[in-house]
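Report on the structure given below.
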Amino acid sequence: MLRWSVLTMVALGGCVLDEDPARDDDLVDGGPQVEEDPPRSPLALPLVPPDPAANPTSPAKVALGRLLFWDPVLSGDRNVACATCHDPDLAYTDGMQTPVGLTKNSMTILDTAWNGLIAMRPTPRAEDAPMFWDNRAHSLEEQARGPITTAAEMMGSSYTATTIFPELIARLSAIPEYGALFTAAFGPGAITDAKIVAAIAAFERTLTTPASSYDRFVNGDTTALSAQAQRGLEIFKANGCVNCHSGPMFSDFELHDLGVPDPAGRGLFRTASLRNITLTAPYMHNGVFPGFQQVFGFYRNAGQNARDPKLRGVTPPAPQQAPDFIAFLTALSDGPFDRSIPASVPSGLPPGG
């Protein structure tokens, strides 16, 4: 098991950490502090994501953010919510190729608190986490702001990026329950746009899946991964998939030109994380491939005409290998996560729109 772990760390872009018996900050009364839980593997998703310095998590903030995530009051026309395109029954995607009016596939919010994590240490700053297919925003706070200020998503045509938040602040301030919730989360003071996106981001940071079969396996549970999934892992490594899909999030978080077919298939787009991948079809940034067989077919040709050097030498699983390969991807996709939907939201509108 130890030999397998070390080899896999190297293969998946992880790091073998130096064993320092006692760091200065571990010393208590002259001796090392004993941790209750064994340390997690550098290949596993860590348990607790980092918070931005300006937005520490609290239960009150998460509770408020959850309601805001589901409340259509945050859209210009009061007809859609964050949850409209990020449905828990679809692993927080919408299951569509692209949302109406947009050219990019809706990315899952699951585990986005760990965007940018390419090794367990050092933990990336929450303020730096890359968001969206083109990495144009950083942090979940910026990500939450984006759809609210985009006409084709939540803002609608009646407002502008300048006028939408004053309108939303007025709406929320007129609802006594929201006034109490914002005070509980942030203390006394007016509702602001920064508080709105901070609460939504705090909720989104709770949507992680660190207990998948794969995570349990690399943490020492040798029974967590089936023999078929273990064969799939070996194929994944041998076929060069780790060139881009590496580290605990199975992404290098870099932008690549893969030559994905149209519509809107040209340009530089981020390596998608393979976390929860079996739950988040269709695939690629434009949702052009409905399933794995189409993805495998694309990679059979992409490596021969590689636009990106990292594609050279990458091959999809052979047809007889595909079941094993998909079993491994399934082991990255079976971790439990919050699927609950609030029965109501303070605006009185239907949750989710």
Side-chain angles (χ1 to χ4, degrees), residues 13-14 40-70 82-83 85-88 90-93 106-148 185 194-212 214-216 218-219 245-254 270-277 279-280 332-340:
R40 288 175 70 79
S41 163
L43 294 174
L45 204 63
L47 294 177
V48 182
D51 297 332
N55 188 25
T57 294
S58 70
K61 201 177 290 183
V62 170
L64 168 61
R66 181 169 178 267
L67 293 172
L68 291 172
F69 184 88
W70 282 94
C82 302
C85 290
H86 300 286
D87 184 340
L90 299 171
Y92 288 90
T93 68
S106 291
M107 303 183 86
T108 180
I109 292 175
L110 289 175
D111 297 318
T112 51
W114 286 112
N115 277 5
L117 179 67
I118 56 176
M120 191 170 180
R121 294 180 183 173
T123 299
R125 292 187 341 129
E127 294 89 339
D128 298 331
M131 299 290 163
F132 300 111
W133 280 107
D134 55 4
N135 286 349
R136 67 183 182 274
H138 291 83
S139 82
L140 279 169
E141 286 75 9
E142 279 195 42
Q143 182 274 328
R145 186 180 294 271
I148 294 174
K195 291 178 181 179
I196 293 171
V197 298
I200 295 172
F203 166 65
E204 291 178 341
R205 286 194 178 93
T206 68
L207 301 176
T208 61
T209 62
S212 72
Y214 169 81
D215 291 294
R216 299 197 311 275
V218 296
N219 276 316
H245 295 287
S246 58
M249 282 289 283
F250 288 83
S251 172
D252 59 8
F253 293 98
E254 295 179 4
R270 193 181 82 206
T271 302
S273 169
L274 297 185
R275 291 272 171 180
N276 305 295
I277 191 68
L279 308 176
T280 55
L332 292 174
S333 309
D334 60 4
F337 58 88
D338 180 7
R339 299 172 182 262
S340 61

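One is the number of the first residue; the rest follow in order along the sequence. Computed from a prediction, not measured in an experiment: that's the story for all the values here.
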To the nearest 0.5 Å, what is the distance between [atom1] ([X]) and [atom2] ([Y])?
X      : Y      : atom1 : atom2 : value
Arg216 : Asp334 : CZ    : CG    : 6.0 Å
Arg275 : Phe250 : CZ    : CZ    : 6.0 Å
Ile109 : Asn276 : CD1   : CG    : 12.5 Å
Gln143 : Ile148 : CD    : CD1   : 9.0 Å
Leu332 : Ile277 : CG    : CD1   : 9.0 Å
Tyr214 : Leu45  : OH    : CG    : 10.0 Å

Please enumerate all residues that pass salt bridge (Lys or Arg N to Asp or Glu O under 4.0 Å) together with Asp338, with sequence neighbours excluded.
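Salt bridge (Lys or Arg N to Asp or Glu O under 4.0 Å) check on Asp338 returns nothing, list empty.
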Worked check of side chain to side chain donor-acceptor pair (under 3.5 Å) between Ser340 and Arg66
CA-CA 10 Å; Ser340 61; Arg66 181 169 178 267; 2.8 Å; yes
Any non-hydrogen side-chain atom of Trp114 less than 4.5 Å from a side-chain atom of Thr123?
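The answer is yes; the side chains approach within 4.5 Å.
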Any sub-3.5 Å donor-acceptor pair from [X]'s side-chain atoms to [Y]'s backbone N or O?
X      : Y      : result
Asp111 : Thr209 : yes
Asn219 : Ser41  : yes
Ser273 : Met249 : yes

Chi angles and distances behind the side chain to side chain donor-acceptor pair (under 3.5 Å) call for Asp215, Ser212:
CA-CA 5 Å; Asp215 291 294; Ser212 72; 2.6 Å; yes
